[in-house]
Structures are given as structure tokens and as C-alpha cells.
Enquirer: 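Dropping the structure in here first, questions after.
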Amino acid sequence: QVQLVQSGGGLVQAGGSLRLSCAASGRAFNIYTFGWFRQAPGKEREFVATISASGSNTDYADSVKGRFTISRDNGKNRVFLQTNSLKPEDTAVYYCAAAMISRTTTTMNAYKNWGQGTQVTVSS
């Protein structure tokens, strides 16, 4: 099992940026693919971004392509989500998650370990 602790998030104006961080402890960090998901009020949780265990491959939801960047530091057991050009519709609780597979996946059920969530609020 891997334990995930998130940091970052907050309130930002439209067009601004935030960097979300996810620190992992427990089993070997570099065997996990990581993902970021988000859940807005009254909506289902949705996929945002994923990065493979090696860090070589990434995938993004169409709604964030070109604005968000997922990365990982396997030496420091951390995963990051850089969010730029934020829009009010990006407002949500963001979750970091880990899947014990090597390739990227957008499938929520593949992720068995989840962070506590962090609020991102974008004002217009």
C-alpha cells in the first residue's frame, strides 16, 4: 500500500496558476502510475491527468490539455499537477491517486489509493 498526502490548492483568480503536490509513502513509489482527478459540487468525480510509473507517458482530459501538466519526482516520491490559465469551471476538489500498474490509465477503478483531496477555487 502507498499512502498519499496532498498539499497545494487554494483560491486564485481566473487566468492564474496553482501547483498541487502529492507526497507518497509506503511501498516503492516508482512501481505506481499516478493520476489526478477532480470533483466539482454536484458532479461526479472525473479524470484530469495521469503519468506512467517511469514518467515517460502522460495523458490528459481534453478540458485541461495545454493548461495542466502532470509530473513526478521518483527520487522524492512526489507527484505534481501544475495548473495554468485556470478557469472558474476548474473549481473542484482535486484528488491524487495511485494505481499499481506501469502504464497510464484514465480508469478511476484502477486507482486503489487516494489522497485526502484539496480544494481549488477559481474566481471570475
Side-chain angles (χ1 to χ4, degrees):
Q1 291 289 336
V2 62
Q3 292 77 43
L4 306 178
V5 177
Q6 297 178 223
S7 59
L11 174 64
V12 64
Q13 289 188 333
S17 299
L18 286 172
R19 189 191 199 202
L20 309 184
S21 179
C22 177
S25 61
R27 294 188 61 181
F29 178 82
N30 59 3
I31 69 173
Y32 289 89
T33 279
F34 282 85
W36 286 94
F37 293 79
R38 67 186 181 185
Q39 188 166 17
K43 295 187 177 181
E44 293 186 351
R45 193 170 299 189
E46 64 177 4
F47 165 75
V48 175
T50 178
I51 187 166
S52 62
S54 68
S56 299
N57 296 295
T58 58
D59 195 9
Y60 297 91
D62 288 343
S63 59
V64 306
K65 274 181 184 175
R67 300 188 298 121
F68 290 11
T69 302
I70 188 171
S71 62
R72 64 190 293 162
D73 184 336
N74 282 358
K76 295 184 178 180
N77 289 10
R78 286 186 178 267
V79 180
F80 305 97
L81 185 69
Q82 179 67 41
T83 66
N84 297 329
S85 302
L86 283 162
K87 305 175 182 179
E89 52 263 43
D90 293 318
T91 295
V93 177
Y94 283 70
Y95 295 91
C96 171
M100 199 183 295
I101 56 175
S102 60
R103 56 175 175 78
T104 58
T105 179
T106 65
T107 305
M108 200 177 308
N109 287 343
Y111 295 87
K112 305 302 183 185
N113 303 98
W114 291 81
Q116 80 276 17
T118 187
Q119 178 71 46
V120 171
T121 302
V122 185
S123 63
S124 57

Enquirer: List the atom of A99, the atom of A110, and the distance in Å for their closest heavy-atom pair.
Expert: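 That closest heavy-atom pairing would be CB-O, 3.3 Å.
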Enquirer: For T50, which of N57, T107, T104 qualifies under side chain to side chain contact (heavy atoms under 4.5 Å, CB included)?
Expert: T104
Enquirer: Which residues pass the ring-ring contact (aromatic ring centres under 6.0 Å, His included) test with F37, sequence neighbours left out?
Expert: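 Counting only residues at least two positions away or on another chain, F37 forms a ring-ring contact (aromatic ring centres under 6.0 Å, His included) with F47, Y111, W114.
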Enquirer: To the nearest 0.5 Å, what is the distance between CG on N77 and CG on N30?
Expert: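 Atom-to-atom, N77:CG and N30:CG are 8.0 Å apart.
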Enquirer: Spell out, as yes or no, whether a donor-acceptor pair under 3.5 Å connects the side chain of Y60 to the backbone of I70.
Expert: yes
Enquirer: How long is the straight-line distance from CZ of F68 back to OG1 of T83, given to the nearest 0.5 Å?
Expert: 5.0 Å
Enquirer: Check whether I31 and V2 end up in the same hydrophobic cluster, where Ile, Leu, Val, Met, Phe, Trp and Tyr are linked by side-chain heavy atoms less than 4.5 Å apart.
Expert: yes
Enquirer: Are V122 and V48 connected in the hydrophobic side-chain network, where two residues link if heavy atoms are under 4.5 Å apart?
Expert: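 Yes, it is one cluster - the side chains of V122 and V48 are joined through contacts under 4.5 Å.
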Enquirer: Under 4.5 Å between side-chain heavy atoms, hopping through other hydrophobics if needed: is there a path connecting V5 to L81?
Expert: no
Enquirer: For residues A40 and A92, report the shortest heavy-atom separation together with the two atoms involved.
Expert: N-CB, 3.8 Å
Enquirer: Can you give each donor-acceptor pair under 3.5 Å made by side-chain atoms of residues 12-22, sequence neighbours left out, with the distance rounded to 0.1 Å?
Expert:
| residue | atom | partner | partner atom | Å |
| --- | --- | --- | --- | --- |
| S17 | OG | N84 | OD1 | 2.9 |
| S21 | OG | R78 | NH1 | 3.0 |

Enquirer: With Y95, which of R38, Q116, Q6, M108 fulfils side chain to side chain contact (heavy atoms under 4.5 Å, CB included)?
Expert: Q6
Enquirer: Nearest heavy-atom pair of K43 and Q39: which atoms, and what distance?
Expert: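 Of all heavy-atom pairs spanning K43 and Q39, the closest is O-NE2, 3.1 Å.
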Enquirer: Do F29 and N74 come close enough that some side-chain heavy atom pair is under 4.5 Å?
Expert: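 SC-SC contact between F29 and N74 confirmed.
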Enquirer: Can you name the nearest heavy-atom pair linking M100 to Y32, along with the distance?
Expert: CE-OH, 3.3 Å
Enquirer: Checking the side chain of R103 only, and the main-chain atoms of T33 only, is there a donor and an acceptor separated by less than 3.5 Å?
Expert: no
Enquirer: What distance separates S25 OG from L4 CG, expressed to the nearest 0.5 Å?
Expert: 7.5 Å
Enquirer: Shortest non-hydrogen contact from Q119 to T91?
Expert: NE2-CG2, 4.0 Å
Enquirer: Please round to the nearest 0.5 Å and tell me the distance separating atom CD1 of I101 and atom NZ of K112.
Expert: 10.0 Å
Enquirer: Check F34 against A24 and note the closest heavy-atom contact, atom names and distance.
Expert: CZ-CB, 4.2 Å
Enquirer: Within a strict 4.5 Å, meaning less than it, do heavy atoms of the D90 and R67 side chains meet?
Expert: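 Side-chain contact under 4.5 Å: yes.
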